[in-house]
Amino acid sequence: NYNTFVKSKRSQVTIFIIVAILLVVAIVLIFLLYRNSINSFISPGGEEVNQNIEKCVSKNVEDSINQIIEVGGYIKTPNLIKNFEGREIPYLCYTSKDDEHCKIVEPVIVEHLKDEIYNNAYNKIDKCFKDQKAELESQGYDIVLGENMDVSIELLPGKTRVFVQREFKINKADISKSFSKFTSIIQSPIYDIFIVVHEILRQESKYCNSDYPLIMMVNKNVQIDKFQTGDDNKIYDVKDLPTNKNVRFAVRNCVLTTPK
């Protein structure tokens, strides 16, 4: 009859509505699951890649800095050295003649330090990128790594900042992410120590000596010790008190001629 027909139609409409709602929910769920899978699929292309590369850069630059501090301003021990207490100490101000002012070996010492860090760390930084590329490729990612890499180093009070510019592009599942700038900051006293070293060398080369007690008064976080050797050479030890890191260097300067 008519009432039964109407009820049947209403039931069909209700079923269609329920089915439509379930279909919409299913589509939304599929979309969300797909998006999440894509996000996890490409997740190494985000902050993780930046962090991995920047962490690797930091470690290698920090190793270079520590080596420079240990050797006394160089990655490798230079030819011009003084043997003292079983160690090879580099001369940072030197003259082979008596009664003569020494000449500073590295006049622009901060630039010299930057060059030492750059030359020692560059290939290791390059390896950071190549290792990250190889790791992601082993997971099925397509990686484009730029051939050109620009590395700049900035020495600042209490820290060293490293800027690296290099293309690093990640592709997978029709999604790509591209990076070109990486920044690493290393906490280190290398700048603070060598600014003090430079002032000692400036005074030595000009006045045949340095007022290192006054330099310590001006630089409260630094301790300076000076040793006079039997052949009238000087050994300076400059220590950064907060980190306990120290630099030793030698000076041969204004040596009095021995009477004959």
Side-chain angles (χ1 to χ4, degrees), residues 58-95 101-117 120-121 153-162 184-256:
S58 293
K59 180 186 181 304
N60 285 289
V61 170
E62 184 174 15
D63 289 346
S64 298
I65 289 171
N66 289 337
Q67 193 171 344
I68 289 169
I69 291 173
E70 175 67 23
V71 175
Y74 299 88
I75 288 293
K76 296 180 179 179
T77 304
N79 295 326
L80 198 59
I81 60 166
K82 172 68 178 173
N83 288 300
F84 181 74
E85 294 183 348
R87 289 180 57 186
E88 295 179 328
I89 311 297
Y91 281 105
L92 294 187
C93 198
Y94 183 82
T95 178
H101 289 250
C102 66
K103 293 182 179 178
I104 298 174
V105 178
E106 304 293 346
V108 191
I109 200 161
V110 171
E111 291 303 314
H112 161 73
L113 296 171
K114 287 163 61 175
D115 289 343
E116 288 286 291
I117 296 169
N120 189 61
I153 296 164
E154 188 176 12
L155 301 183
L156 301 166
K159 62 186 176 184
T160 298
R161 185 180 291 137
V162 184
S184 298
I185 297 176
I186 302 97
Q187 302 301 318
S188 170
I190 186 169
Y191 177 87
D192 310 83
I193 291 174
F194 277 95
I195 286 298
V196 172
V197 169
H198 179 73
E199 179 57 23
I200 293 171
L201 297 175
R202 186 191 70 80
Q203 293 186 17
E204 281 280 356
S205 64
K206 187 173 182 178
Y207 305 116
C208 290
N209 211 337
S210 72
D211 190 351
Y212 69 93
L214 179 60
I215 295 174
M216 279 195 291
M217 288 180 62
V218 175
N219 300 272
K220 302 293 186 182
N221 289 330
V222 169
Q223 177 181 315
I224 305 171
D225 294 307
K226 185 174 79 169
F227 309 92
Q228 194 84 26
T229 65
D231 54 358
D232 287 333
N233 284 249
K234 303 167 191 174
I235 307 293
Y236 282 94
D237 187 292
V238 180
K239 178 186 290 186
D240 178 71
L241 295 175
T243 63
N244 212 34
K245 293 183 182 294
N246 67 300
V247 168
R248 277 193 171 188
F249 62 94
V251 171
R252 189 181 191 279
N253 186 32
C254 301
V255 176
L256 296 176

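Values below: all heavy atoms of this structure, side chains included; hydrogens, waters and symmetry mates excluded.
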Colleague: Please tell me if the side chains of Y236 and V197 come closer than 4.5 Å, counting only heavy atoms from C-beta onward.
Modeller: no
Colleague: Could I get the full list of ring pair (Phe, Tyr, Trp, His ring centres under 6.0 Å) partners for F194, not counting sequence neighbours?
Modeller: none
Colleague: Please walk me through it: do C102 and V251 pass side-chain contact (heavy atoms from CB on, under 4.5 Å)?
Modeller: CA-CA 8 Å; C102 66; V251 171; 4.2 Å; yes
Colleague: Please, which pairs that meet ring pair (Phe, Tyr, Trp, His ring centres under 6.0 Å) have at least one residue in residues 209-231, sequence neighbours excluded?
Modeller: F84-F227
Colleague: To the nearest 0.5 Å, tell me how far S188 OG sits from I117 CD1.
Modeller: 7.5 Å
Colleague: Under the side-chain contact (heavy atoms from CB on, under 4.5 Å) test, which residues partner N60, sequence neighbours left out?
Modeller: C56, K124, C128
Colleague: Please determine whether side-chain contact (heavy atoms from CB on, under 4.5 Å) holds for the pair V247 and I190, giving the CA-CA distance in whole Å, both sets of side-chain angles, and the decisive distance to 0.1 Å.
Modeller: CA-CA 9 Å; V247 168; I190 186 169; over 6 Å; no
Colleague: Which pairs, with at least one residue in residues 199-211 and sequence neighbours excluded, count as a salt bridge (Lys or Arg N to Asp or Glu O under 4.0 Å)?
Modeller: E199-R202, E204-K234
Colleague: Between atom CD1 of I153 and atom OG of S64, what is the distance when rounded to the nearest 0.5 Å?
Modeller: 8.0 Å
Colleague: Residues in ring pair (Phe, Tyr, Trp, His ring centres under 6.0 Å) with Y207, at least two apart?
Modeller: none
Colleague: Applying ring pair (Phe, Tyr, Trp, His ring centres under 6.0 Å), name anything that partners H112, two or more places apart in sequence or on another chain.
Modeller: Y74
Colleague: First locate atom CG of N209, then atom CD1 of I200, and finally report the distance between them rounded to the nearest 0.5 Å.
Modeller: 10.5 Å
Colleague: Could you pull out all residues at least two apart from N66 that satisfy side chain to side chain donor-acceptor pair (under 3.5 Å)?
Modeller: K245
Colleague: Are D192 and N221 close enough that some pair of their side-chain heavy atoms sits under 4.5 Å apart?
Modeller: no
Colleague: Between I81 and T77, what is the shortest heavy-atom contact and its length?
Modeller: CG2-CG2, 3.5 Å
Colleague: Any sub-3.5 Å donor-acceptor pair from Q223's side-chain atoms to K239's backbone N or O?
Modeller: no
Colleague: Under 3.5 Å, which donor-acceptor pairs link side chains of residues 85-92 to any protein atom two or more places apart or in another chain?
Modeller:
unit_1, atom_1, unit_2, atom_2, d
E85, OE1, R248, NH1, 3.1
R87, NH2, E70, O, 3.2
Y91, OH, N233, OD1, 2.4

Colleague: Using atom types as modelled and distance alone, determine if a side-chain donor or acceptor of N219 lies under 3.5 Å from a backbone N or O of I215.
Modeller: yes
Colleague: Measuring from atom CD of Q187 to atom OG1 of T160, what distance do you get when rounded to the nearest 0.5 angstrom?
Modeller: 9.0 Å
Colleague: In a single word, yes or no, tell whether C254 and C208 have an SG-SG distance below 2.5 angstrom.
Modeller: yes
Colleague: Not counting sequence neighbours, which residues clear salt bridge (charged side-chain N to carboxylate O under 4.0 Å, His left out) with D225? List them please.
Modeller: none
Colleague: Testing the basics here: between D231 and K82, what is the closest heavy-atom pair and its distance to 0.1 Å?
Modeller: OD2-NZ, 2.5 Å
Colleague: For T95, what residues pass the side chain to side chain donor-acceptor pair (under 3.5 Å) criterion, not counting sequence neighbours?
Modeller: E100
Colleague: So which atom in T243 and which in P189 form the shortest heavy-atom distance, rounded to 0.1 Å?
Modeller: OG1-CG, 3.4 Å
Colleague: Judged by atom type as modelled, is there a donor-acceptor pair below 3.5 Å linking the side chain of D232 to the main-chain atoms of V255?
Modeller: no
Colleague: For D63, what residues pass the side chain to side chain donor-acceptor pair (under 3.5 Å) criterion, not counting sequence neighbours?
Modeller: K59
Colleague: Calculate, to the nearest 0.5 Å, the distance between atoms CD and NZ belonging to E154 and K159 respectively.
Modeller: 8.5 Å
Colleague: Quick one: salt bridge (charged side-chain N to carboxylate O under 4.0 Å, His left out) partners of K103, sequence neighbours excluded?
Modeller: none
Colleague: Rounded to the nearest 0.5 Å, what separates atom CG in N246 from atom CD1 in I193?
Modeller: 7.0 Å
Colleague: What is the minimum heavy-atom distance between N253 and S205, and which atoms define it?
Modeller: ND2-N, 4.3 Å
